[in-house]
Each structure stands twice: as C-alpha cells, then as structure tokens.
Amino acid sequence: MPNIRLDLSYSGIKEKEISEYEKEVSKIYKTLEENSKDEEQYVGWLKLPSNFNKKEFERIKKAAKRIRKNSEVFVVIGIGGSYLGARAVIESLTSNFANLMPQTIRKSPQIFFVGNSISPNYINELIDCIGDKDISINVISKSGTTTEPAIAFRIFREYLESKYGADEARDRIYVTTDKNKGALKQLADEEEYETFVIPDNVGGRFSVLTPVGLLPIAVAGINIDKLMEGAKTGEYNYSDSSIKYNQCYRYAVARNILYKKDKTIEILANYEPKLHYFIEWWKQLYGESEGKDHKGIFPAGVDLTTDLHSMGQYIQDGRRNIFETVINVEETKTDIKIKRDEDNIDGLNYLAGKTMDYVNKQAMQGTIEAHVDGEVPNIVINIKKLNEETIGELIYFFELACSISGNILGVNPFDQPGVEAYKTNMFKLLGKPGYKEK
C-alpha cells in the first residue's frame with residue numbers, strides 16, 4: 001500500500017474534469033524537468049532527493065552528532081523557509097513535549113527557533129530559559145542581511161562569545177548560507193565557522209530537504225537518510241505522466257478546479273497536533289508561491305478537533321468560498337482505550353472499550369460529512385503513519401503539487417516580488433542608508 005493516497009470522493013469533482021488537464025499538466029512537468037537542469041532557475045528541488053550533495057550530507061550528520069554531544073540547547077536562527085520546514089519535520093516526528101523531557105530520555109538538545117520575529121520579549125525570555133546550559137546555534141540566511149534573523153544572530157553571537165570566549169564560540173556557530181556571496185558568507189569565511197550551502201537553484205520555501213532543514217532535523221535525532229528516501233520515493237511516484245494515477249497531479253488540478261468554482265480559500269486540516277507546524281510550512285509554500293497578480297487560493301489551516309470549537313461555525317455556515325484538504329494519519333503511534341466508569345457522570349460509558357484514535361477518526365469522518373453537506377468540498381490526503389519516509393514523501397508531494405498548481409494558475413511559483421513592499425517601507429522608517437522617506 002502506498003504511503004500517500006488521495007481521496008477526491010468528497011470534492012464533488014468528476015473524473016472527466018480532471019482528465020481535461022492531462023496535456024497541460026504533462027507539459028508543465030516537462031518544463032519543470034528542463035528547468036531543473038538550469039542553475040538560473042529555482043527548480044533544483046525537483047531532482048534533489050536523488051541528486052543531493054552526498055559529501056555535504058555526511059558533514060551534516062557529523063556536525064549534528066557533535067552538537068548532540070556538546071550542547072544542551074540548539075538555537076536555530078531563521079525566518080520563513082529558513083525555519084518553517086525544519087520545525088515542521090521536527091515537531092511531526094518528535095514528542096509534543098520533547099523540550100520538556102530530560103535529555104537522557106530526549107537524547108538530543110532542546111531545540112528553539114528564533115529570528116522569525118522582532119520581539120525583544122521572545123529573545124530575552126529565551127536567553128533566560130537557556131540559563132547556564134551549553135548551547136550551539138545555526139544561523140540560516142542566503143544573504144545574512146534579512147532583518148529578523150540578522151538581529152537575532154548579532155545578539156546570539158555576542159551571547160556565545162561572552163559565555164565561551166571567541167575561540168570556543170566559533171566552534172559552536174554553524175552557518176547555512178550562499179556558496180559564494182553575501183554578508184553572512186563573508187563573516188563565516190572570516191571567522192572560519194563551519195558552513196553549509198543553500199543551493200542557488202532552490203528557493204527558501206522549497207529548501208527543507210537541503211542543509212537549511214537537514215542540520216536542525218538531524219540534531220533533533222531524526223534519521224535524515226530515511227527522510228531523503230521518502231522524498232526519493234515521491235520523486236519517483238510523482239513523475240508518472242498519467243493524471244489518472246499521479247496523486248500529486250490530481251491534487252494540483254483538483255484545487256484549481258475548485259478555484260474556478262469560486263472556492264478561493266483552502267483550509268488544510270489535521271487531526272494530529274504534531275502536524276501544526278507542517279501546516280504552517282504548507283501555508284508559506286502555497287501563499288508565497290501562488291499569491292500573485294491578484295490571483296491565488298488563500299491558504300489557511302486548522303487543528304481539529306480543537307478548532308471545531310472556534311472556527312467550526314464559520315466553516316459550516318459562513319461564506320461558501322472555501323474548501324478543505326484533510327490530512328488523515330491512518331496509523332497512530334500510541335493509543336488509549338477508554339474505560340468504563342461505574343458512576344458514568346460524564347455520560348461517556350457508550351465509548352467504553354473504544355480507543356481514542358477510533359473516536360478521533362469518527363470525529364473526522366463526521367466533520368467531513370457535515371462540511372460537505374454545508375457545501376464545503378473536501379479533499380482527503382491519507383498518509384499511512386508519521387515517520388521519516390512518509391513525511392519526506394509528503395514534503396515532495398506538496399512541493400511538486402504547488403509548482404504544478406501555480407503554473408496552471410498562470411503565475412510564477414518561484415518568485416515573491418510582493419514580499420519586498422513591507423521591507424522598503426520599514427527601511428525608510430528606520431532610516432536605513434539608501435532609503436528615503438516619501
């Protein structure tokens with residue numbers, strides 16, 4: 001049985017509607033394949049699972065082993081694609097409470113993320129949390145001048161040098177940046193920090209399977225060999241030219257069919273709290289790739305059943321411009337059987353003998369049926385279990401589907417011109433050289 005299965009039976013989409021896109025999708029994939037060979041294009045992720053830098057991959061594993069041995073805390077500094085992918089994988093595949101467990105059980109440092117906001121409270125509270133613990137950091141930035149991570153790196157670099165002295169601090173700073181240029185690359189060369197490369201032809205939101213994501217993921221104790229194997233399975237499975245059998249193509253097409261029916265908001269839903277940051281990663285991937293030229297499906301997310309008690313009313317009865325995509329994890333890692341209570345004050349004895357996972361699955365099924373009855377089409381992505389192979393394949397699934405979908409939509413899924421607007425205004429207000437007030 002495949003790790004990922006797409007179910008369109010609740011979407012209201014007919015097979016004939018999907019088959020009409022076969023030639024277009026085939027043409028888009030061939031163009032992506034051609035562009036993946038061009039270093040000037042941002043399609044290097046397409047063949048990455050089968051064609052990554054093996055020497056650097058081994059260096060990543062050695063660095064992660066060293067960090068796990070000498071550090072109680074590992075701080076990842078980055079924003080957007082420089083942290084969301086790593087956090088998505090780590091939280092999907094480790095305990096919900098990993099940072100709270102003793103290191104003897106966790107067997108890896110506490111991992112914290114910073115540089116994704118400009119909040120002084122967050123940084124000061126993190127430093128208080130670290131206390132006297134031994135720490136290493138990984139700063140991730142193509143240029144080294146992106147405001148949020150650059151500020152955080154300046155603060156934590158000074159913190160490390162004050163705590164350990166310049167020489168030992170140097171051995172605890174890991175840099176993931178451009179191969180040849182940029183402020184961070186220059187600093188890394190001058191200080192002789194261990195450096196990993198962000199490939200030129202892989203954009204930030206597609207970079208989780210590069211050193212950007214792999215070093216933090218490996219430090220968390222996750223098997224990155226298996227993660228890449230899962231992505232390689234996806235690369236093979238989703239190169240099938242037949243839209244009838246290619247689950248990835250079908251998802252990309254289905255969401256565009258719904259978009260043309262005025263379903264302009266896609267809500268990615270999960271019933272497993274471990275997937276919260278996977279949804280955050282997905283939101284950036286699709287929002288930044290498709291939201292252009294006044295086009296695009298707005299990506300939103302909900303954690304269910306939690307959000308049924310907050311967003312459920314709107315999804316059921318609000319404006320009918322939404323559709324849902326549900327990630328269903330078929331096999332749970334652990335389970336709890338509900339026991340019978342003699343007093344039955346809570347009225348739950350009708351669940352006695354049933355497991356929590358069974359109840360969760362029935363809640364999911366009941367919600368899908370209710371939302372479909374409420375004119376909210378549902379797409380279901382069934383994944384076998386939460387492990388490295390499945391998450392690796394799911395990452396590749398969404399990356400390729402995003403690229404196909406964006407091209408169907410008629411936008412370039414690999415640029416992000418709109419992101420610069422706020423920066424220009426902020427730099428003017430801050431008085432950055434070269435930026436003048438209007």
Side-chain angles (χ1 to χ4, degrees), residues 4-29 238 242-271 275 278-279 281-302 304 307-308 311-328 364-365 367-383 394 397-413:
I4 298 174
R5 294 181 300 104
L6 187 72
D7 182 358
L8 297 177
S9 62
Y10 301 99
S11 69
I13 298 171
K14 297 181 173 59
E15 189 62 36
K16 182 181 178 182
E17 293 177 277
I18 295 173
S19 63
E20 289 173 355
Y21 283 82
E22 182 148 21
K23 288 183 180 179
E24 182 180 359
V25 169
S26 181
K27 184 179 178 180
I28 290 169
Y29 183 78
Y238 307 131
S242 172
I243 202 168
K244 184 176 181 180
Y245 301 107
N246 192 316
Q247 308 285 293
C248 183
Y249 289 1
R250 293 172 70 82
Y251 171 62
V253 166
R255 59 198 308 277
N256 274 274
I257 290 171
L258 292 171
Y259 179 65
K260 289 181 178 179
K261 295 177 181 178
D262 294 324
K263 302 296 184 180
T264 57
I265 297 172
E266 178 178 13
I267 301 174
L268 188 64
N270 74 81
Y271 285 78
L275 290 173
F278 197 94
I279 288 180
W281 168 80
W282 172 89
K283 281 161 61 177
Q284 186 206 359
L285 179 65
Y286 280 79
E288 205 167 66
S289 295
E290 291 193 326
K292 293 157 195 170
D293 303 330
H294 298 178
K295 299 177 182 178
I297 301 167
F298 184 85
V302 290
L304 304 179
D307 287 339
L308 289 176
M311 293 297 293
Q313 175 61 42
Y314 188 95
I315 296 171
Q316 188 70 45
D317 285 335
R319 290 194 64 185
R320 301 297 79 187
N321 60 344
I322 58 179
F323 69 96
E324 280 181 294
T325 297
V326 179
I327 299 178
N328 172 37
M364 180 191 73
Q365 185 62 38
T367 303
I368 290 172
E369 291 175 7
H371 289 177
V372 170
D373 287 344
E375 299 179 30
V376 178
N378 268 239
I379 295 169
V380 181
I381 298 174
N382 296 294
I383 65 173
L394 192 62
F397 172 94
F398 278 125
E399 288 181 345
L400 179 56
C402 179
S403 305
I404 298 284
S405 180
N407 275 281
I408 293 172
L409 190 63
V411 299
N412 177 0

Trainee: side-chain contact (heavy atoms from CB on, under 4.5 Å) for Phe323 and Arg255? Distances and angles first, verdict last.
Mentor: CA-CA 9 Å; Phe323 69 96; Arg255 59 198 308 277; 3.7 Å; yes
Trainee: Report, as yes or no, whether the 6.0 Å neighbourhood of atom NZ on Lys261 holds more than 12 heavy atoms from other residues, nucleotides or ligands.
Mentor: yes
Trainee: Whether the side chain of Glu375 engages the backbone of Arg320 through a donor-acceptor N/O pair (distance < 3.5 Å, no angle test) should be reported.
Mentor: no
Trainee: Measure the acute angle between the ring planes of Phe397 and Tyr238, then classify it against the limits of 30° and 60° as parallel, tilted or perpendicular.
Mentor: perpendicular
Trainee: Find the distance between NE2 (His371) and CG (Asp373) and round it off to the nearest 0.5 Å.
Mentor: 10.0 Å
Trainee: How about Val380 and Ile368: do any of their side-chain heavy atoms sit closer than 4.5 Å?
Mentor: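 Result yes, sub-4.5 Å side-chain heavy-atom pair found.
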Trainee: Would you find a donor on one side and an acceptor on the other, under 3.5 Å apart, between the side chain of Ser11 and the backbone of Leu8?
Mentor: yes
Trainee: Would a 4.5 Å heavy-atom cut-off, applied to side chains only, mark Ile297 and Ile265 as touching?
Mentor: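 They are not in contact (no side-chain heavy atoms under 4.5 Å apart), so the answer is no.
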Trainee: Counting only N and O atoms by type, is there a donor-acceptor contact under 3.5 Å from the side chain of Ser289 to the main-chain atoms of Leu285?
Mentor: yes
Trainee: Has the side chain of Glu266 got a donor or acceptor atom that lies under 3.5 Å from a matching backbone atom of Phe298?
Mentor: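 No.
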Trainee: Does the side chain of Thr325 reach to within under 4.5 Å of the side chain of Ile267, using non-hydrogen atoms?
Mentor: no
Trainee: May I ask you to check whether Trp282 and Tyr286 place their ring centers less than 6.0 Å from one another?
Mentor: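 Ring centroids of Trp282 and Tyr286 are less than 6.0 Å from each other.
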Trainee: Tell me the closest heavy-atom pair linking Gly296 and Leu409, and the distance in Å.
Mentor: CA-CD2, 3.6 Å
Trainee: Which label fits Phe398 and Phe278: parallel for a plane angle under 30°, tilted from 30 to 60°, or perpendicular past 60°?
Mentor: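 Tilted: the ring planes of Phe398 and Phe278 meet at 30° to 60°.
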Trainee: Roughly how far, to the nearest 0.5 Å, is the CD1 atom of Ile327 from the CG atom of Asn382?
Mentor: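 Those atoms lie 10.5 Å apart.
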Trainee: Decide yes or no on side-chain contact (heavy atoms from CB on, under 4.5 Å) for Glu369 and Met364, but give the supporting numbers first.
Mentor: CA-CA 9 Å; Glu369 291 175 7; Met364 180 191 73; over 6 Å; no
Trainee: Do you know the tightest heavy-atom contact between Val376 and Ile322?
Mentor: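 So the two residues come closest at CG1-O, 3.8 Å.
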Trainee: My understanding is that only one of Leu258, Asn246, Val25 makes a side chain to side chain contact (heavy atoms under 4.5 Å, CB included) with Val253; could you say which?
Mentor: Val25
Trainee: Does Lys295 have more than 12 heavy atoms from other residues, nucleotides or ligands lying within 6.0 Å of its NZ?
Mentor: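 Counting other residues, nucleotides and ligands, NZ of Lys295 exceeds 12 neighbours.
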Trainee: Indicate the atoms forming the closest heavy-atom contact of Glu324 with Leu304, along with that distance.
Mentor: OE2-CD1, 4.3 Å
Trainee: Please answer whether the main-chain N or O of Gln313 pairs with a side-chain N or O of Asp317 as donor and acceptor at a distance below 3.5 Å.
Mentor: no
Trainee: Restricting to non-hydrogen atoms, name the atom on Pro413 and the atom on Asn407 that form the minimum distance, rounded to 0.1 Å.
Mentor: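 Minimum heavy-atom separation between Pro413 and Asn407: CG-ND2, 3.8 Å.
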Trainee: For side-chain contact (heavy atoms from CB on, under 4.5 Å), just list the numbers for Tyr21 and Ile243, CA-CA rounded to whole Å, side-chain angles, deciding distance to a tenth of an Å, and then say yes or no.
Mentor: CA-CA 8 Å; Tyr21 283 82; Ile243 202 168; 4.2 Å; yes
Trainee: Determine whether Glu22 and Lys27 satisfy the following criterion, salt bridge (Lys or Arg N to Asp or Glu O under 4.0 Å), listing intermediate values before the conclusion.
Mentor: CA-CA 9 Å; Glu22 182 148 21; Lys27 184 179 178 180; over 6 Å; no
Trainee: Just how far is it from atom CG of Asn270 to atom CG of Asn328, taken to the nearest 0.5 Å?
Mentor: 10.5 Å
Trainee: Step by step, work out the side-chain contact (heavy atoms from CB on, under 4.5 Å) result for Asp7 and Tyr10.
Mentor: CA-CA 8 Å; Asp7 182 358; Tyr10 301 99; 3.8 Å; yes
Trainee: How long is the span from the CZ atom in Arg250 to the CD1 atom in Ile404, to the nearest 0.5 Å?
Mentor: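 Arg250 CZ to Ile404 CD1: 14.0 Å, rounded to 0.5 Å.
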Trainee: Is the closest side-chain donor-acceptor distance between Asp262 and Asn321 under 3.5 Å?
Mentor: no
Trainee: How long is the straight-line distance from CG of Leu268 back to CG of Leu275, given to the nearest 0.5 Å?
Mentor: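 If we round to the nearest 0.5 Å, Leu275:CG and Leu268:CG are 8.5 Å apart.
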Trainee: Judged by atom type as modelled, is there a donor-acceptor pair below 3.5 Å linking the side chain of Glu290 to the main-chain atoms of Gly287?
Mentor: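 Checking the backbone N and O of Gly287 against the side chain of Glu290, no donor-acceptor pair under 3.5 Å is found.
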Trainee: Distance check, rounded to the nearest 0.5 Å: Ile257 atom CD1 versus Ile13 atom CD1?
Mentor: 4.5 Å
Trainee: Please name the pair of heavy atoms, one in Ala401 and one in Tyr251, separated by the smallest distance, quoted to 0.1 Å.
Mentor: CB-CD2, 3.6 Å
Trainee: What are the two closest non-hydrogen atoms of Asn256 and Ser405, and how far apart are they?
Mentor: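 Closest heavy-atom pair between Asn256 and Ser405: ND2-OG, 2.8 Å.
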